[in-house]
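When a residue number appears, it is its place in the shown sequence, counting from 1. In each ligand, atom 1 is the first atom listed, and ligand 1 is the first ligand listed. Predicted model, so just to flag it, every value in this text is computed and none were measured.
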Amino acid sequence: MKIGETEARVGRGRRRILVVEDEWINREILNLMLERDYDVVFAETGAQALDILGEQFRTLSLVLLDLNLPDMKGIDILRTIKGTQRTALLPVIVMTADQDSEVECLSLGATDFISKPYPKQEIVLARILRTIELFEDRDLIRWTEHDPLTGLLNRAFFYRYAAQYDALHPEGATDAVLLNINRFHMINERYGREFGDEVLKRVAQELTAAFEGTDGIVCRREDDTFLIYCPHRVDYRDVLDRVCVQMDRDYQVRARIGVYSCADRGIDVERRFDRAKQAADTVKNSFSHAIGVYDNAMHEKALYAEQLLEQFHTAIREKQFSVFFQPKFDIRPDKPVLNSAEALVRWNHPTLGMISPGIFIPLFEENGLIRELDSYVWRETAEHIRDWRDRFGKRVSVSVNVSRIDLGDPPLLKKLEDIVEETGIEHGQLLLEITESAYTDDAERIREVVEALREAGFFIEMDDFGTGYSSLNMITSLPIDALKLDMQFIRTAFRDGKDTRLIEAVIGLAQSLGLTTIAEGVETAEQMLTLKALGCDIVQGYYFSKPVPAAQFEAFLLPQGGE
Ligand code: C2E
Ligand code: MG
Ligand code: MG
């Protein structure tokens, strides 16, 4: 690499060199040689040098060390740098007129020498650059500094420069900002990758220009996500407007921004950008807002979520999760009879009280913990089924929820088979509820998994039907046994000016496909009777019972129970 490229290579995060030199004239000469390419800090004494190293070691890329200082020997400073863990990896070039000390310096870890009087500027710069690069290559061997497509800093260097920025500006507020292009995968699909690349380059250019002349740094984190770390500002609308350029082919870039304002320096840089991402996610599906700001409520929510995640394993160990059962009634006979139940997990937290699955299930789905929780729930459920058979002589079927994450888990079938075998229940007693939207995620693969479960003898209920946009065509060919109408169907149909035509149509469809229909969220006698009249088979909801603990559910199994 040519010397003149140094600055371009570093971009706006300029490297910083500590020059330890007591003579004024030498400092002047070095400053002239270096200032174009580097930020230079000077120490005139050994004590000053150690102070700067102690406080600013993170920001330094190199030390140029004079061996003759008024207050201490340069050799001792070198020894301290190399003997201190946090500075040991900092390269040191020794400047000396005395060749005799070279061997000692090398043995102490000096990387190179620059003789005095100084050689030509090109030589000094070349040695410095080579040394810095060697050291950076060593600890960042896998990374190059820039994203090849956009020329922006890449993620690793960006985080490094952001930390450096903090060290250099201990005062002053900074913002962590994340920008994401809306529906970028569609752009690729619709106009081709090449055009997608053009969009990314253009956005990168606009962002660079937007932060030109400020201390802000910009990077492309991956795909269509850009990060900005910059001094605090109140508004980012101008940045957004800039980026939303009109490209040719009548396509206009649309983006959303998440801002974590006045970021807390106490947490590491990556986590600050996680918060910016959370803020951006709040405006993901919004038509009216494109800028989300990380606020206190989100912070509280994130802390709460973190706490729940952290405590998951303790909770499993201490059996804080319990399974509740909500009966499902067959409403075809004159008098409704118990058909089965749905197992619904509850977290009885020692300090937070009863937590609803609506809160923790999505959280556990995000990081895969749901697999462990679901296995636990399935096993507990199977054990209850077995227990009820033993104590009441009743064959009860219970449906369990199977998360979309479970479906991506290859040993799923084996897990379920083991549970059935070890508890001694029948396959048909464990009904599997799979949410409709799982089928639309990756239809082909899900179909295969579900087919295999069904062949093994499990019954499959499609949960939350009506919320997942599956096509009619898909429904007709899916391997399922029952359609479970989402609660929203019932809510909508029984609002003021009752209109049950949609429910009627869905029940008709289910019947024509030979599927059982289950309605959930049924709260009133009117709803139950209307559903019965429309031909719905099974009903679940507060009208009959809320989900209750196993012991309470047993009342439904006794001869007088049920109604
Ligand atoms: P879901 O499977 O659709 O379960 C039905 C939800 O509706 C349950 O909420 C139930 O308590 C509630 N519900 C039942 N009848 C009525 C009613 O008449 N009125 C009203 N307002 N609500 C009613 P819950 O127990 O809070 O569960 C919420 C969701 O959490 C479930 O929706 C399911 O998707 C998920 N979930 C619950 N337990 C598990 C589990 O063990 N594993 C997995 N993967 N997901 C679970
Ligand atoms: Mg369910
Ligand atoms: Mg449901």
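Taking each heavy atom of L352 and Q307 in turn, the nearest pair found is CD1-NE2, 4.0 Å. Summarising the geometry of A255 relative to L240, their closest heavy-atom pair is O-CD1, 3.5 Å, with the distance given to 0.1 Å.
Atoms of ligand 1 found under 4.0 Å from any heavy atom of P547 (numbered from 1 in listed order, with element): 11 (O). Contact atoms of ligand 1 toward G541: 15 (N), 18 (O) (distance under 4.0 Å to a heavy atom of the residue). Applying the 4.0 Å criterion to heavy atoms of V377 picks out, from ligand 1, the atoms 41 (O). Each of the following atoms of ligand 1 lies closer than 4.0 Å to a heavy atom of E523: 17 (C), 18 (O), 19 (N), 20 (C), 21 (N).
For the Mg ion (ligand 2), the nearest N, O or S atom contributed by E342 is named OE2. Taking the Mg ion (ligand 2) as reference, D463 places its N/O/S atom OD2 nearest. Within E433, the N, O or S atom at minimum distance from the Mg ion (ligand 2) carries the name OE1.
Close N/O approach between D464 and ligand 1 is found [any backbone or side-chain N/O within under 3.5 Å]. At a 3.5 angstrom cut-off on N or O pairs, R346 counts as close to ligand 1. In terms of polar-atom proximity, V402 is not counted as a contact of ligand 1, lacking any N or O under 3.5 Å from an N or O of the ligand. An N or O contact shorter than 3.5 Å is missing between D406 and ligand 1 by distance. Considering both main-chain and side-chain atoms, E365 never comes within under 3.5 Å of ligand 1 through any nitrogen or oxygen pair.
The residue from P357, A343, P362 that puts a heavy atom closest to atom 24 (P) of ligand 1 is P357. In this structure, of D463, T524, V522, I361, the residue bringing a heavy atom nearest to atom 35 (C) of ligand 1 is I361. Among E520, Q326, M487, Q527, the residue whose heavy atom lies nearest to atom 7 (O) of ligand 1 is M487. Checking N401, V323, V400 against atom 2 (O) of ligand 1, the nearest heavy atom belongs to N401.
Rounded to the nearest 0.5 angstrom, I361 CD1 and S403 OG are separated by 7.5 Å. Put simply, CD1 on I518 and CG on L531 are 12.5 Å apart, with the number rounded to the nearest 0.5 Å.
Ion pairing between D374 and K415 fails under the 4.0 Å rule for side-chain N and carboxylate O.
The closest side-chain donor-acceptor pair between E383 and T423, if any, does not fall under 3.5 angstrom. T225 and K277 share no side-chain donor-acceptor pair at under 3.5 Å. Under 3.5 Å, the side chains of T174 and Y229 contain a donor-acceptor pair of N or O atoms.
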Quiz item: Given F556 and W388, is the ring pair (Phe, Tyr, Trp, His ring centres under 6.0 Å) satisfied, shown in steps?
Solution: CA-CA 11 Å; F556 293 103; W388 291 326; over 10 Å; no

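The proximity of D374 to ligand 1, defined as any non-hydrogen pair under 4.0 Å, is limited to the side chain.
Among the atoms of T435, no N, O or S atom falls under 2.8 Å of the Mg ion (ligand 2).
Both the sub-6.0 Å distance and the 45° axial angle are satisfied by R233 relative to the ring of Y236. Figure legend: R272 and Y260 shown without cation-pi pairing, the cationic atom not lying both under 6.0 angstrom from the six-membered ring centre and within 45 degrees of its axis.
Note on ring orientation: taking the six-membered ring where Trp is involved, the planes of W347 and F360 are perpendicular (angle over 60°, cut-offs 30° and 60°). By the 30° and 60° cut-offs, the orientation of the rings of H299 relative to Y294 is perpendicular.
Remark: distances from the non-hydrogen atoms of K546 to ligand 1 are all 4.0 Å or more. Between Q540 and ligand 1 there is no heavy-atom distance shorter than 4.0 Å. The closest approach between K484 and ligand 1 stays at or above 4.0 Å for every heavy atom of the residue. In this structure, R491 is part of the shell of residues with a heavy atom less than 4.0 angstrom from ligand 1.
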